[in-house]
Amino acid sequence: MQKKIFTRMGDGELVSMSAGEIKEDIEVATQEAAQRAEIPRLTPEEMEQLFEIIAEPSRAVSVNSGQEVIVTDDGCSMSFYSGQDGGGVGVPMSRLQAILTYERALAADTTSMGHSDYSFKPVKPIINFEMNEYYTASMMTTAPFLYGAQPNMGLYFQPDGPHENPAELLPRGKIKEARDVQEAAAEQLREDLVFVGKKLNSIGCEGLNFDTGGSAGDADFLAALLAVRDLKKAAPNMPVIMGGSGEFVLGMHGEVEFDGRRLAGLYPHDQARLAESAGASIYGVAIGTSTTQSVAWNIARAATFVKEAVKAVNIPLHVNVGMGVGGVPMMEAPPIDSVTRASKSLVQIGKADGL
(Lines give C-alpha, C1' and ligand atoms only; values in the text may rest on other atoms or scores of the structure.)
Protein backbone atom coordinates (compact mmCIF):
# COMPACT_ATOMS: atom_id res chain seq x y z
CA MET A 1 0.00 0.00 0.00
CA GLN A 2 1.41 3.37 -1.01
CA LYS A 3 1.87 5.98 1.69
CA LYS A 4 -0.48 8.93 1.30
CA ILE A 5 1.04 12.40 1.14
CA PHE A 6 -1.30 15.26 1.88
CA THR A 7 -1.29 18.09 -0.60
CA ARG A 8 -3.55 21.07 -1.12
CA MET A 9 -5.47 21.25 -4.37
CA GLY A 10 -5.76 24.41 -6.43
CA ASP A 11 -9.41 24.98 -5.47
CA GLY A 12 -8.58 24.83 -1.76
CA GLU A 13 -9.90 21.31 -1.14
CA LEU A 14 -7.59 19.23 1.04
CA VAL A 15 -7.17 15.73 -0.35
CA SER A 16 -4.64 12.94 -0.02
CA MET A 17 -2.49 11.77 -2.90
CA SER A 18 -0.08 8.88 -3.09
CA ALA A 19 3.51 9.29 -4.19
CA GLY A 20 2.60 7.68 -7.50
CA GLU A 21 -0.28 10.09 -8.08
CA ILE A 22 1.92 13.12 -7.37
CA LYS A 23 4.63 11.86 -9.73
CA GLU A 24 2.03 11.28 -12.42
CA ASP A 25 0.71 14.84 -12.03
CA ILE A 26 4.24 16.23 -12.33
CA GLU A 27 4.91 14.27 -15.51
CA VAL A 28 1.58 15.16 -17.13
CA ALA A 29 1.95 18.87 -16.30
CA THR A 30 5.47 19.29 -17.64
CA GLN A 31 4.46 17.49 -20.82
CA GLU A 32 1.43 19.78 -21.20
CA ALA A 33 3.56 22.92 -20.84
CA ALA A 34 6.20 21.58 -23.22
CA GLN A 35 3.64 20.84 -25.92
CA ARG A 36 1.91 24.21 -25.59
CA ALA A 37 5.05 26.35 -25.77
CA GLU A 38 7.13 23.96 -27.90
CA ILE A 39 9.86 23.82 -25.28
CA PRO A 40 11.68 20.95 -23.52
CA ARG A 41 9.92 19.31 -20.62
CA LEU A 42 11.60 18.76 -17.27
CA THR A 43 14.15 15.97 -17.19
CA PRO A 44 13.48 12.79 -15.18
CA GLU A 45 16.02 14.01 -12.61
CA GLU A 46 14.24 17.36 -12.30
CA MET A 47 10.86 15.66 -11.95
CA GLU A 48 12.25 13.50 -9.16
CA GLN A 49 13.73 16.57 -7.46
CA LEU A 50 10.36 18.31 -7.70
CA PHE A 51 8.65 15.32 -6.13
CA GLU A 52 11.13 15.40 -3.25
CA ILE A 53 10.35 19.09 -2.66
CA ILE A 54 6.59 18.39 -2.67
CA ALA A 55 7.05 15.44 -0.31
CA GLU A 56 9.28 17.21 2.22
CA PRO A 57 7.78 16.61 5.69
CA SER A 58 8.17 20.19 6.92
CA ARG A 59 5.20 22.49 6.46
CA ALA A 60 7.40 25.34 5.21
CA VAL A 61 10.49 24.61 3.09
CA SER A 62 13.34 26.77 1.83
CA VAL A 63 15.95 26.73 -0.90
CA ASN A 64 19.28 25.08 -0.20
CA SER A 65 21.91 27.22 1.47
CA GLY A 66 23.72 29.33 -1.12
CA GLN A 67 20.82 29.30 -3.59
CA GLU A 68 18.90 32.22 -2.08
CA VAL A 69 17.53 34.82 -4.51
CA ILE A 70 16.32 38.41 -4.39
CA VAL A 71 12.60 38.96 -3.92
CA THR A 72 11.24 42.01 -5.76
CA ASP A 73 8.10 43.72 -4.53
CA ASP A 74 4.92 44.47 -6.47
CA GLY A 75 2.69 46.28 -4.06
CA CYS A 76 3.11 44.09 -0.99
CA SER A 77 3.15 47.06 1.39
CA MET A 78 -0.41 47.84 0.27
CA SER A 79 -1.54 44.60 1.90
CA PHE A 80 -1.21 46.27 5.30
CA TYR A 81 -3.75 49.03 4.74
CA SER A 82 -5.99 47.64 2.01
CA GLY A 83 -9.25 45.88 2.82
CA GLN A 84 -9.89 42.16 2.95
CA ASP A 85 -11.45 42.17 -0.51
CA GLY A 86 -8.08 43.29 -1.88
CA GLY A 87 -6.12 40.60 -0.04
CA GLY A 88 -5.08 43.01 2.71
CA VAL A 89 -5.58 43.08 6.46
CA GLY A 90 -6.95 46.61 6.76
CA VAL A 91 -4.55 47.89 9.42
CA PRO A 92 -5.12 51.63 10.09
CA MET A 93 -1.78 52.97 8.90
CA SER A 94 -0.59 55.44 6.30
CA ARG A 95 1.10 54.46 3.05
CA LEU A 96 4.46 55.64 4.42
CA GLN A 97 4.01 53.61 7.61
CA ALA A 98 3.17 50.54 5.54
CA ILE A 99 6.27 50.97 3.38
CA LEU A 100 8.58 51.33 6.38
CA THR A 101 6.93 48.44 8.25
CA TYR A 102 7.30 46.17 5.24
CA GLU A 103 10.95 47.11 4.81
CA ARG A 104 12.05 47.11 8.45
CA ALA A 105 9.82 44.59 10.21
CA LEU A 106 9.73 42.05 7.38
CA ALA A 107 13.31 42.65 6.17
CA ALA A 108 12.20 43.03 2.55
CA ASP A 109 14.81 42.94 -0.23
CA THR A 110 12.89 45.69 -2.02
CA THR A 111 9.77 47.69 -1.31
CA SER A 112 7.47 49.89 -3.35
CA MET A 113 4.58 52.29 -3.50
CA GLY A 114 1.83 52.84 -6.03
CA HIS A 115 -1.60 54.29 -6.56
CA SER A 116 -4.37 52.62 -4.55
CA ASP A 117 -6.03 51.59 -7.83
CA TYR A 118 -2.66 50.08 -8.82
CA SER A 119 -2.94 51.39 -12.39
CA PHE A 120 -0.93 54.11 -14.14
CA LYS A 121 -3.86 56.00 -15.70
CA PRO A 122 -5.09 57.53 -12.40
CA VAL A 123 -1.51 58.46 -11.50
CA LYS A 124 -1.12 60.98 -14.32
CA PRO A 125 -3.43 63.72 -12.92
CA ILE A 126 -1.87 63.45 -9.45
CA ILE A 127 1.73 62.92 -10.52
CA ASN A 128 3.03 65.91 -8.54
CA PHE A 129 1.51 64.48 -5.36
CA GLU A 130 2.97 61.04 -6.10
CA MET A 131 6.39 62.56 -6.78
CA ASN A 132 6.36 64.23 -3.36
CA GLU A 133 5.19 61.05 -1.64
CA TYR A 134 7.81 58.96 -3.42
CA TYR A 135 10.62 61.41 -2.64
CA THR A 136 9.70 61.55 1.06
CA ALA A 137 9.58 57.77 1.38
CA SER A 138 12.80 57.29 -0.60
CA MET A 139 14.65 59.48 1.90
CA MET A 140 13.59 57.13 4.70
CA THR A 141 14.12 53.73 3.06
CA THR A 142 17.30 51.71 2.64
CA ALA A 143 16.24 48.84 0.40
CA PRO A 144 15.67 49.60 -3.30
CA PHE A 145 12.38 51.49 -3.49
CA LEU A 146 10.19 50.98 -6.56
CA TYR A 147 7.15 52.74 -7.95
CA GLY A 148 4.78 50.20 -9.41
CA ALA A 149 1.37 49.76 -11.00
CA GLN A 150 -0.30 47.98 -13.88
CA PRO A 151 -0.37 49.45 -17.39
CA ASN A 152 -4.03 48.28 -17.46
CA MET A 153 -5.14 49.37 -20.92
CA GLY A 154 -8.68 48.35 -19.98
CA LEU A 155 -9.10 51.70 -18.21
CA TYR A 156 -8.81 53.49 -21.57
CA PHE A 157 -12.03 51.91 -22.85
CA GLN A 158 -15.57 53.01 -22.05
CA PRO A 159 -17.01 53.47 -19.47
CA ASP A 160 -13.68 54.36 -17.79
CA GLY A 161 -11.93 55.89 -20.79
CA PRO A 162 -12.57 57.67 -24.10
CA HIS A 163 -12.41 54.72 -26.50
CA GLU A 164 -15.14 52.29 -27.49
CA ASN A 165 -14.82 48.96 -25.74
CA PRO A 166 -13.44 46.24 -28.05
CA ALA A 167 -15.17 43.62 -25.91
CA GLU A 168 -18.44 45.09 -27.16
CA LEU A 169 -17.29 45.61 -30.75
CA LEU A 170 -15.90 42.11 -31.33
CA PRO A 171 -19.16 40.18 -30.67
CA ARG A 172 -20.85 42.44 -33.23
CA GLY A 173 -18.30 41.46 -35.86
CA LYS A 174 -16.61 44.87 -35.92
CA ILE A 175 -13.09 43.46 -36.07
CA LYS A 176 -11.39 46.44 -37.73
CA GLU A 177 -13.06 48.90 -35.39
CA ALA A 178 -12.00 46.83 -32.37
CA ARG A 179 -8.42 46.76 -33.60
CA ASP A 180 -8.43 50.49 -34.31
CA VAL A 181 -9.57 51.41 -30.79
CA GLN A 182 -7.00 49.06 -29.25
CA GLU A 183 -4.22 50.72 -31.24
CA ALA A 184 -5.42 54.18 -30.19
CA ALA A 185 -5.70 53.12 -26.55
CA ALA A 186 -2.26 51.51 -26.66
CA GLU A 187 -0.71 54.75 -27.93
CA GLN A 188 -2.41 56.75 -25.18
CA LEU A 189 -1.26 54.20 -22.61
CA ARG A 190 2.32 54.37 -23.91
CA GLU A 191 2.29 58.15 -23.62
CA ASP A 192 1.01 58.01 -20.04
CA LEU A 193 3.54 55.37 -18.98
CA VAL A 194 6.39 57.45 -20.39
CA PHE A 195 5.03 60.67 -18.87
CA VAL A 196 4.78 59.16 -15.38
CA GLY A 197 8.15 57.43 -15.70
CA LYS A 198 9.97 60.60 -16.75
CA LYS A 199 8.40 62.58 -13.91
CA LEU A 200 9.43 59.99 -11.32
CA ASN A 201 12.91 59.73 -12.78
CA SER A 202 13.35 63.48 -12.33
CA ILE A 203 13.20 63.05 -8.54
CA GLY A 204 15.45 59.98 -8.44
CA CYS A 205 13.14 57.00 -8.88
CA GLU A 206 15.10 53.88 -7.94
CA GLY A 207 13.04 51.60 -10.14
CA LEU A 208 9.79 51.61 -12.12
CA ASN A 209 7.61 48.51 -12.20
CA PHE A 210 5.22 47.85 -15.10
CA ASP A 211 3.40 45.07 -13.26
CA THR A 212 1.08 42.67 -15.12
CA GLY A 213 1.78 43.98 -18.62
CA GLY A 214 -0.52 42.55 -21.28
CA SER A 215 -3.53 42.11 -18.99
CA ALA A 216 -5.78 43.57 -21.72
CA GLY A 217 -4.12 41.56 -24.47
CA ASP A 218 -1.41 41.99 -27.07
CA ALA A 219 -1.94 45.75 -27.63
CA ASP A 220 -1.53 46.29 -23.89
CA PHE A 221 1.73 44.30 -23.99
CA LEU A 222 2.89 46.35 -27.00
CA ALA A 223 2.27 49.64 -25.14
CA ALA A 224 4.37 48.46 -22.21
CA LEU A 225 7.22 47.32 -24.46
CA LEU A 226 7.24 50.62 -26.36
CA ALA A 227 7.14 52.58 -23.10
CA VAL A 228 10.11 50.64 -21.74
CA ARG A 229 12.09 51.42 -24.88
CA ASP A 230 11.19 55.12 -24.75
CA LEU A 231 12.01 55.42 -21.05
CA LYS A 232 15.36 53.67 -21.35
CA LYS A 233 16.33 56.17 -24.05
CA ALA A 234 15.25 59.14 -21.90
CA ALA A 235 16.44 57.75 -18.55
CA PRO A 236 19.01 55.01 -19.21
CA ASN A 237 20.03 54.71 -15.56
CA MET A 238 16.53 54.13 -14.17
CA PRO A 239 15.80 50.40 -13.83
CA VAL A 240 12.51 49.32 -15.38
CA ILE A 241 10.93 46.06 -14.32
CA MET A 242 8.31 44.52 -16.58
CA GLY A 243 5.99 41.74 -15.52
CA GLY A 244 3.68 39.57 -17.58
CA SER A 245 0.04 38.79 -16.94
CA GLY A 246 -0.06 35.13 -17.95
CA GLU A 247 1.85 32.35 -19.60
CA PHE A 248 0.78 33.51 -23.06
CA VAL A 249 -0.25 36.87 -24.51
CA LEU A 250 -3.94 37.06 -25.37
CA GLY A 251 -4.50 38.00 -29.00
CA MET A 252 -7.27 40.53 -28.44
CA HIS A 253 -5.94 42.46 -31.46
CA GLY A 254 -4.15 39.58 -33.14
CA GLU A 255 -1.82 41.45 -35.47
CA VAL A 256 0.27 43.95 -33.48
CA GLU A 257 4.02 43.37 -33.59
CA PHE A 258 7.14 44.49 -31.75
CA ASP A 259 10.54 44.20 -33.43
CA GLY A 260 8.88 42.25 -36.22
CA ARG A 261 7.41 39.67 -33.85
CA ARG A 262 3.67 39.18 -33.55
CA LEU A 263 2.74 39.40 -29.87
CA ALA A 264 -0.42 37.29 -29.79
CA GLY A 265 0.18 33.87 -28.27
CA LEU A 266 3.76 34.43 -27.07
CA TYR A 267 4.84 32.20 -24.19
CA PRO A 268 7.20 33.32 -21.38
CA HIS A 269 10.52 32.65 -23.11
CA ASP A 270 9.54 34.83 -26.08
CA GLN A 271 7.93 37.46 -23.84
CA ALA A 272 11.19 37.73 -21.92
CA ARG A 273 13.22 38.05 -25.12
CA LEU A 274 11.15 41.02 -26.26
CA ALA A 275 11.27 42.64 -22.82
CA GLU A 276 15.05 42.36 -22.91
CA SER A 277 15.12 43.79 -26.43
CA ALA A 278 13.03 46.77 -25.27
CA GLY A 279 15.51 47.46 -22.47
CA ALA A 280 13.78 46.01 -19.42
CA SER A 281 16.06 45.47 -16.43
CA ILE A 282 14.09 42.50 -15.04
CA TYR A 283 11.25 40.47 -16.55
CA GLY A 284 8.60 38.89 -14.34
CA VAL A 285 7.10 35.68 -15.69
CA ALA A 286 3.50 34.95 -14.71
CA ILE A 287 2.14 31.40 -14.96
CA GLY A 288 -1.54 30.96 -14.17
CA THR A 289 -2.77 28.36 -11.71
CA SER A 290 -5.40 25.82 -12.77
CA THR A 291 -7.94 25.54 -9.94
CA THR A 292 -8.89 22.00 -10.98
CA GLN A 293 -5.36 20.60 -10.67
CA SER A 294 -3.07 19.74 -7.77
CA VAL A 295 -0.27 21.90 -6.40
CA ALA A 296 2.25 19.42 -7.80
CA TRP A 297 0.71 19.71 -11.29
CA ASN A 298 0.73 23.51 -11.19
CA ILE A 299 4.28 23.82 -9.86
CA ALA A 300 5.63 21.38 -12.47
CA ARG A 301 3.94 23.31 -15.24
CA ALA A 302 5.25 26.65 -13.96
CA ALA A 303 8.79 25.32 -13.56
CA THR A 304 8.78 24.05 -17.15
CA PHE A 305 7.89 27.48 -18.54
CA VAL A 306 10.29 29.30 -16.22
CA LYS A 307 13.29 27.09 -16.95
CA GLU A 308 13.08 27.85 -20.67
CA ALA A 309 12.50 31.58 -20.10
CA VAL A 310 15.61 31.82 -17.92
CA LYS A 311 17.68 30.19 -20.67
CA ALA A 312 16.31 32.62 -23.28
CA VAL A 313 17.58 35.91 -21.83
CA ASN A 314 20.56 37.57 -20.18
CA ILE A 315 18.53 39.87 -17.91
CA PRO A 316 17.34 38.61 -14.51
CA LEU A 317 14.06 36.73 -14.56
CA HIS A 318 11.86 37.01 -11.46
CA VAL A 319 8.80 34.78 -11.27
CA ASN A 320 5.45 36.07 -10.02
CA VAL A 321 4.59 33.82 -7.08
CA GLY A 322 1.38 34.34 -5.16
CA MET A 323 -2.36 33.91 -5.22
CA GLY A 324 -3.23 32.20 -8.49
CA VAL A 325 0.20 32.39 -10.14
CA GLY A 326 3.51 30.55 -10.04
CA GLY A 327 2.03 27.25 -8.92
CA VAL A 328 0.24 28.76 -5.90
CA PRO A 329 -3.46 27.98 -5.31
CA MET A 330 -6.09 30.61 -6.11
CA MET A 331 -6.88 31.52 -2.51
CA GLU A 332 -6.99 34.88 -0.73
CA ALA A 333 -4.50 33.58 1.83
CA PRO A 334 -2.54 30.74 0.13
CA PRO A 335 -1.12 28.18 2.60
CA ILE A 336 2.56 28.54 3.37
CA ASP A 337 3.27 24.93 2.42
CA SER A 338 2.25 25.50 -1.20
CA VAL A 339 3.88 28.95 -1.47
CA THR A 340 7.27 27.83 -0.16
CA ARG A 341 7.28 24.67 -2.25
CA ALA A 342 6.48 26.66 -5.37
CA SER A 343 9.20 29.19 -4.55
CA LYS A 344 11.84 26.53 -3.88
CA SER A 345 10.96 24.61 -7.04
CA LEU A 346 11.06 27.67 -9.29
CA VAL A 347 14.50 28.61 -7.97
CA GLN A 348 16.15 25.20 -7.82
CA ILE A 349 14.48 23.58 -10.84
CA GLY A 350 13.29 26.55 -12.88
CA LYS A 351 16.57 28.38 -12.15
CA ALA A 352 14.76 31.69 -11.56
CA ASP A 353 16.99 34.63 -10.67
CA GLY A 354 14.42 35.96 -8.23
CA LEU A 355 10.80 35.88 -7.15
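Throughout, residue positions are numbered sequentially from 1 according to the sequence presented. Bear in mind the structure is a predicted one, so any value in this text is a computation, not a measurement.
Residues Glu177 and Glu164 have side chains not in contact (no heavy-atom distance under 4.5 Å, counting atoms from C-beta outward). Met131 places a side-chain heavy atom less than 4.5 Å from the side chain of Ser202. Between Pro122 and Leu155 the shortest side-chain heavy-atom distance falls below 4.5 Å. For the pair Leu208 and Leu231, the minimum side-chain heavy-atom distance is below 4.5 Å.
Salt bridge absent: Lys121 and Asp192 never bring a charged side-chain N and a carboxylate O closer than 4.0 Å. Arg36 and Glu32 are joined by a salt bridge, as a carboxylate oxygen and a charged side-chain nitrogen come within less than 4.0 angstrom of each other. Salt bridge Glu46/Arg41: absent, no basic N to carboxylate O contact under 4.0 Å. The pair Arg341-Asp337 does not meet the salt-bridge criterion, since no charged nitrogen lies less than 4.0 angstrom from a carboxylate oxygen. One finds a salt bridge joining Lys23 and Glu48 here, because a Lys/Arg side-chain nitrogen approaches an Asp/Glu carboxylate oxygen to under 4.0 Å.
Side-chain contact, Tyr283 with Gln271: a donor N or O sits under 3.5 Å from an acceptor N or O. With 3.5 Å as the limit, one finds a donor-acceptor pair spanning the side chains of Thr30 and Thr304. For the residue pair Tyr118 and Asp74, no side-chain donor N or O sits within less than 3.5 Å of a side-chain acceptor on the partner. For the residue pair Asp25 / Ser294, a side-chain donor-acceptor distance below 3.5 Å is found, with atom types taken as modelled.
Scanning both residues, Ala352 and Val69, for their nearest heavy atoms gives O-CG1, 3.8 Å. Annotation for Asn320 and Ala286: closest pair ND2-CB, 3.6 Å, computed over non-hydrogen atoms. In this structure, Gln188 and Pro162 approach most closely via the heavy-atom pair OE1-CG, 3.7 Å. Closest approach of Ser281 and Pro239 over heavy atoms only: OG-CA, 3.3 Å. Residues Leu225 and Ala278 approach most closely at O-CB, 3.6 Å, considering heavy atoms. Of all heavy-atom pairs spanning Gly326 and Thr289, the tightest one is N-OG1, 4.5 Å.
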(request) Begin from the C-alpha positions of Phe80 and Thr101 and carry the test side chain to side chain contact (heavy atoms under 4.5 Å, CB included) through to its verdict. (result) CA-CA 9 Å; Phe80 287 117; Thr101 300; 4.0 Å; yes
(request) Test Val256 against Phe221 for side chain to side chain contact (heavy atoms under 4.5 Å, CB included), laying out the working first. (result) CA-CA 10 Å; Val256 292; Phe221 193 56; over 6 Å; no
(request) Take Lys174 and Glu168 through the test salt bridge (Lys or Arg N to Asp or Glu O under 4.0 Å) and record every step on the way to the result. (result) CA-CA 9 Å; Lys174 296 187 174 183; Glu168 296 177 357; over 6 Å; no
(request) Evaluate side chain to side chain contact (heavy atoms under 4.5 Å, CB included) for Val28 paired with Trp297, printing each intermediate quantity in order. (result) CA-CA 7 Å; Val28 170; Trp297 189 96; 3.9 Å; yes
(request) Could you walk me through whether His163 and Gln182 pass the side-chain hydrogen bond (donor to acceptor under 3.5 Å, both in side chains) test, one step at a time? (result) CA-CA 8 Å; His163 304 287; Gln182 288 182 75; over 6 Å; no
(request) Mind running side chain to side chain contact (heavy atoms under 4.5 Å, CB included) on Asn314 and Glu276 for me, showing each step along the way? (result) CA-CA 8 Å; Asn314 294 312; Glu276 181 179 35; 3.2 Å; yes
(request) Please lay out, stage by stage, how Ser277 and Asp259 fare under the test side-chain hydrogen bond (donor to acceptor under 3.5 Å, both in side chains). (result) CA-CA 8 Å; Ser277 174; Asp259 280 355; 2.5 Å; yes
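Residue Val249 is grouped with residue Val306 when hydrophobic side chains (ILVMFWY) are merged at heavy-atom distances under 4.5 angstrom, including chains of intermediate members. By the criterion of side-chain heavy atoms lying less than 4.5 angstrom apart, applied directly or through intervening Ile, Leu, Val, Met, Phe, Trp or Tyr residues, Met47 is grouped together with Leu50 in one hydrophobic cluster. Note on Leu250: it clusters hydrophobically with Met242, by side-chain heavy-atom contacts below 4.5 Å among ILVMFWY residues. Placement of Phe258 and Phe248 within a single hydrophobic cluster is found when ILVMFWY residues are connected by side-chain heavy-atom separations under 4.5 Å, directly or transitively.
Screening Lys176, Arg179, Arg262 for a salt bridge (charged side-chain N to carboxylate O under 4.0 Å, His left out) with Glu255, the sole residue that qualifies is Arg179.
Remark: Thr110 OG1 to Ile70 CD1 distance equals 8.0 Å, nearest 0.5 Å. To the nearest 0.5 Å, the span separating CG on Leu274 from NE2 on His269 amounts to 10.5 Å. Atom-to-atom distance recorded for Glu206:CD and Ser112:OG is 11.5 Å, nearest 0.5 angstrom. Between the OG1 atom in Thr72 and the CG atom in Asp109 there is a gap of 8.5 Å [rounded to 0.5 Å]. A distance of 10.0 Å separates CD in Glu38 from CG in Asp270, rounded to the nearest 0.5 Å. Between the CD1 atom in Ile299 and the CD atom in Gln293 there is a gap of 13.0 Å [rounded to 0.5 Å].
No donor-acceptor distance shorter than 3.5 angstrom exists from the side chain of Glu257 to the backbone of Leu263, with no hydrogens or angles considered. At distances below 3.5 Å, not a single donor-acceptor pair connects side-chain atoms of Ser245 with backbone N or O atoms of Thr212. Side chain of Asp220 to main chain of Met153: a donor-acceptor pair is present (N/O by atom type, distance under 3.5 Å, no hydrogens or angles). At distances below 3.5 Å, at least one donor-acceptor pair connects side-chain atoms of Glu21 with backbone N or O atoms of Ser18. A distance-only check finds no donor-acceptor pair linking the side chain of Glu308 to the backbone of Pro40 [under 3.5 Å]. A donor-acceptor distance shorter than 3.5 angstrom exists from the side chain of Asn298 to the backbone of Ser290, with no hydrogens or angles considered. Formation of a donor-acceptor pair under 3.5 Å by the Lys344 side chain with backbone atoms of Val63 is not found in this model. Judged by distance alone, the side chain of Lys199 and the main-chain N or O of Glu130 form no donor-acceptor pair under 3.5 Å. Using a distance-only test at 3.5 Å, with no hydrogens or angles considered, no donor-acceptor pair links the side chain of Ser338 to the main chain of Val328.
Using bins of under 30°, 30° to 60° and over 60° for the plane-to-plane angle, the ring pair Phe145/Tyr134 lands in the parallel bin.
Within 6.0 Å of CG in Leu170 there are more than 12 heavy atoms belonging to other residues, nucleotides or ligands. The 12-atom threshold is exceeded at CD of Gln31, counting heavy atoms of other residues, nucleotides or ligands nearer than 6.0 Å. Within 6.0 Å of atom NZ in Lys232, more than 12 heavy atoms from other residues, nucleotides or ligands are found, so the atom counts as buried in its surroundings.
In this structure, the ring of Phe210 has its center less than 6.0 angstrom from the ring center of Phe120.
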